[in-house]
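Okay, structure first, notes after.
Both backbone and side-chain heavy atoms feed into the values below; hydrogens, waters and symmetry mates do not. It should be emphasised that the depicted structure is a prediction, and the values quoted were computed from it without experimental measurement.
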Amino acid sequence: MRGMREVQVLREAFSRYRKALEEALEASLERARAKEALEARVAQGLLSGEVQGKNAEEREAKARTLYADLYRALAEAEEKYQRAKTALEVARSYTEEVSLLVRLASEGVRA
């Protein structure tokens with residue numbers, strides 16, 4: 001019976017890890033989409049003359065003013081991505097720990 005409990009704990013750990021992987025992938029895709037949307041809008045603004053400035057810093061400042069919503073969306077996507085990466089690392093670490101403990105238990109070593 002003890003072995004069944006260990007198997008269940010291990011399955012739950014891997015399930016959490018898979019979920020964290022999926023969430024990290026989705027966050028990565030959201031970040032990429034937000035970045036692409038911002039870059040496309042800035043490029044369009046540069047080509048149309050909407051974004052102007054004497055140098056790169058002035059153009060960047062103008063773009064940040066004009067496209068604040070896109071910059072904010074990118075910042076939010078970046079934050080979500082960082083949180084997902086952290087959750088993934090925690091899930092990976094937990095899964096490794098559980099795997100090791102189950103292996104030690106199956107070999108008769110007490111943790």
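Legend: residues meeting side-chain contact (heavy atoms from CB on, under 4.5 Å) with E57, ordered by chain and number and at least two apart, are N55. Take A24 and apply the side-chain contact (heavy atoms from CB on, under 4.5 Å) test, not counting sequence neighbours, and it matches A84, L88. By the side-chain contact (heavy atoms from CB on, under 4.5 Å) test, S93 is found to be paired with no residue, residues two or more places apart in sequence or in another chain being considered. With sequence neighbours excluded, no residue forms a side-chain hydrogen bond (donor to acceptor under 3.5 Å, both in side chains) with E58.
One finds no salt bridge joining K85 and E89 here, because no Lys/Arg side-chain nitrogen approaches an Asp/Glu carboxylate oxygen to under 4.0 Å.
Counting only heavy atoms from C-beta outward, the side chains of L66 and K62 approach each other to under 4.5 Å. In this structure, V98 and Y17 have side chains that are not in contact, with every pair of non-hydrogen atoms separated by 4.5 Å or more.
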task: Take E50 and Y67 through the side chain to side chain donor-acceptor pair (under 3.5 Å) test and state the conclusion after the steps.
output: CA-CA 11 Å; E50 184 178 32; Y67 314 127; 2.7 Å; yes

- request: Check the pair L10 / E6 against side chain to side chain contact (heavy atoms under 4.5 Å, CB included), numbers first and verdict last.
  value: CA-CA 6 Å; L10 191 56; E6 291 167 348; over 6 Å; no

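The same ILVMFWY cluster, assembled from side-chain heavy atoms under 4.5 Å apart, contains both V102 and V9.
Dense packing is recorded around CD of E60, with more than 12 heavy atoms of other residues, nucleotides or ligands lying under 6.0 Å away.
The heavy-atom pair separating R59 from G53 by the smallest distance is NH1-O, 3.1 Å. Considering every non-hydrogen atom in both V42 and A63, the closest pair reads CG2-CB, 4.0 Å.
Contacts classified as salt bridge (Lys or Arg N to Asp or Glu O under 4.0 Å) and involving residues 93-105 (residues at least two apart or in different chains) are given here: R92-E96. Identified under the salt bridge (Lys or Arg N to Asp or Glu O under 4.0 Å) test for residues 23-33, with sequence neighbours left out: K19-E23, E26-R33, E30-K80, R31-E78.
The backbone N or O of G49 sits less than 3.5 Å from a side-chain atom of Q52, completing a donor-acceptor pair. S15 contributes no side-chain N or O that, together with a main-chain N or O of R11, makes up a donor-acceptor pair within less than 3.5 Å. With hydrogens and angles disregarded, a donor-acceptor distance shorter than 3.5 Å links the side chain of T95 to the backbone of A13.
For the atom pair Y81 OH and L29 CG, the distance stands at 10.0 Å (nearest 0.5 Å). In this structure, the separation between CG on L70 and CD on E39 is 11.5 Å, given to the nearest 0.5 Å.
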